[in-house]
Amino acid sequence: MGGKSTMAALLVILAANLLQSTYGRTYTVGDSTGWGIPANNNDDFYDDWADNKDFLVGDVLVFNFTNGQHNVVEVTEAGYDACNAANPVSTVSTGPARITLNRTGEYYFICGIPGHCSAGQKLNVEVRNGNTTGGVTPSTPVTPTTTTYTVGDSTGWRVPTNNDDFYEDWADNKHFVVGDVLVFNFTTGQHNVAEVTEDAYDDCNTANAISTLTTGPARITLNKTGDHYFICSVPGHCSAGQKLKVEVRTGNTTGGVAPSPPVTPSTTTFTVGDSTGWRVPTNDDFYEDWADHKHFVVGDVLVFNFTTGQHNVAEVTEDGYDDCNAANAISTLTTGPARITLNKTGDNYFICSVPGHCSAGQKLKVEVRTGNTTGGVAPSPPVTPSTTTFTVGDSTGWRVPTNNDDFYEDWADHKDFVVGDVLVFNFTTGQHNVAEVTEDGYDDCNAANAISTLTTGPARITLNRTGDHYFICSIPGHCSAGQKLKVEVRNGNRTSTSPTPGTPSAAAPGTSSSPGTNSASSHVATLSLVFFMSIAMTLFC
């Protein structure tokens, strides 16, 4: 009996690994060391790190570094060999940086800070198409054991009331590991988060801060072991107790203390106006009616779906809301869809500042409270298990198709697109783009009057309205050669067979999903899983 149980367990593990290999994986470059100049003059450090790893299309590289001290520049092979970032493919200057490997072949990355690349801060990875075949397990620093913490829980990041040990007490007995994320919820303009040295923490001095984030909510990934020190640099705040020290270690969490989860089943993402989105309504009480009877709590997210250039979202005071005046807006977001986290209790006021829109009813007031939702009213969930992220063209990505100008038409055929789904266009920046156009622009391959154009890959587009959507690549000759896509979007949940998703939806905090999986390999993995599970159950029984 013992032998059968062991064999069954091994088969289950094998099946799980087979299924997992179908989807992209997340690698933290350099593991706990992160992305920096290698120690001890070891200029082969990143070469050794990448050795024996099996990188596939859809995998993600996470470069952990401190903003201002490093960056990640994708370059050509010649730029890599010469440590020359003069003509980069792309540059990411904010850490941690996430780069999706969206094509086969060689990728070259360096740090563009003078002297860093020549000291060994450079990485070359070879990417192939298909599932992993070897037994080498990739380095996965972001696992289900990494956690996102909301600093101070529902209190957020503020001057504590009558308790200057509040954040010390909050951090006590928590186990922080490399890869965990701290979320500082605060109102922009009223607070900030400065990472400082131990001496500066003790003295409440931010003169030589390591980094300062001024826009809330702020997310900081703990990317190295040891003590991390954070304070608010607004005068008087740190000395009043708005300071936090966390000790970070490597490895999985141990002990029985449950971390404080900032995103719990009680927090909800609301799409403002549901399928209507954020626009001038035909009824000037529309958004008031939409918000009525909903229960908003700290940590909930509002998603405003609108077309960039036609609308915006301005958070204003009560007077600004009543007068439709955004002259002294708290914040303004001009790119849709816009996501706003409700990070304080009380009334929040939002308007569209485009002239005439607010007075015509494009305004929203929500009352936010702390704690879990109560009552029986179900919120309007824009992100549900029925919404899906599709990688356009699956593992092929977004490119000129080979000998088949109907390739993307065939790809979209029989897929069921609904409002809220996301299209991911995987392409190399500078070689392709994604232009959303009208039907005439689609038929004529003309992007002269494009609705929007995204030039940096991979590009993510949320389908925020029903009807037909038209996309082309506006690089001359690409659309006419078949690099064009039409999708029909409807409202409501899926009722037919689930589409082939580019990435699994609703990824857990601290994890990432693959941006593309070949549908055939998905079926093979699923059938293999069923096969192995059947054998395991037979042996076990």
Side-chain angles (χ1 to χ4, degrees), residues 24-31 33-129 138-139 223 395-400 424-434 453-459 473-478 515-516:
R25 305 191 183 191
T26 299
Y27 295 84
T28 292
V29 174
D31 297 326
T33 298
W35 178 242
I37 297 175
N40 302 322
N41 297 317
N42 180 9
D43 54 9
D44 292 329
F45 175 78
Y46 291 106
D47 190 6
D48 294 339
W49 175 83
D51 197 28
N52 295 326
K53 289 186 173 64
D54 197 11
F55 299 98
L56 305 179
V57 171
D59 287 348
V60 177
L61 300 181
V62 178
F63 294 78
N64 281 329
F65 60 89
T66 302
N67 295 341
Q69 295 185 12
H70 304 285
N71 59 30
V72 185
V73 183
E74 184 178 356
V75 294
T76 62
E77 184 177 3
Y80 179 83
D81 292 338
C83 285
N84 184 349
N87 296 302
V89 178
S90 65
T91 302
V92 181
S93 55
T94 303
R98 296 174 62 87
I99 296 178
T100 302
L101 304 173
N102 56 23
R103 59 173 175 79
T104 58
E106 304 278 353
Y107 284 71
Y108 302 92
F109 304 99
I110 67 174
C111 179
I113 305 296
H116 288 205
C117 172
S118 57
Q121 194 174 357
K122 57 195 298 187
L123 171 68
N124 165 216
V125 299
E126 181 180 357
V127 180
R128 65 179 185 82
N129 192 25
S139 153
N223 56 21
S395 59
T396 298
W398 179 241
R399 53 178 287 185
V400 176
V424 178
F425 293 78
N426 280 330
F427 60 89
T428 302
T429 303
Q431 295 185 13
H432 304 283
N433 60 35
V434 185
T453 303
L454 299 177
T455 58
T456 303
C473 178
S474 68
I475 303 295
H478 287 202

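Please read these numbers as outputs of a predicted model, since none were measured by experiment.
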> Less than 4.5 Å apart, any side-chain heavy atom of Cys111 and any of Asn71?
yes

> Determine the interplanar angle of the Tyr108 and Tyr80 rings, folded into 0 to 90°, and report it as parallel if under 30°, tilted if 30 to 60°, perpendicular if over 60°.
tilted

> Not counting sequence neighbours, which residues clear disulfide (SG to SG under 2.5 Å) with Cys117? List them please.
Cys83

> Please tell me if the side chains of Val92 and Phe63 come closer than 4.5 Å, counting only heavy atoms from C-beta onward.
no

> Mind running side-chain hydrogen bond (donor to acceptor under 3.5 Å, both in side chains) on Asn433 and Thr453 for me, showing each step along the way?
CA-CA 7 Å; Asn433 60 35; Thr453 303; over 6 Å; no

> Does any part of the side chain of Phe109, heavy atoms only, come nearer than 4.5 Å to the side chain of Val29, both counted from C-beta?
no

> Could you tell me whether the side chain of Asn40 and the main chain of Asn42 form a donor-acceptor pair under 3.5 Å?
no

> Considering only heavy atoms from C-beta outward, does the side chain of Phe55 approach that of Tyr107 to under 4.5 Å?
no

> What's the spacing between Thr104 OG1 and Arg128 CZ if we round to 0.5 Å?
11.0 Å

> Between the main-chain N or O of Gly457 and the side-chain N or O of Thr429, is there a donor-acceptor pair closer than 3.5 Å?
yes

> Is there a side-chain contact between Val125 and Asp59 in this structure, where contact means two heavy atoms from C-beta onward sitting under 4.5 Å apart?
no

> Return the CZ to OG1 distance between Phe427 and Thr456, rounded to the nearest 0.5 Å.
6.5 Å

> To the nearest 0.5 Å, what is the distance between CD1 (Ile37) and CZ (Phe45)?
13.0 Å

> Quick one: do Lys122 and Asp43 make a salt bridge, cutoff under 4.0 Å?
no

> Report yes if the side chains of His70 and Gln121 come closer than 4.5 Å at any heavy-atom pair, otherwise no.
yes

> Is any side-chain heavy atom of Val127 closer than 4.5 Å to one of Arg103?
no

> What I'd like to find out is whether the side chain of Asp47 reaches to under 4.5 Å of the side chain of Asn124, using heavy atoms alone.
no

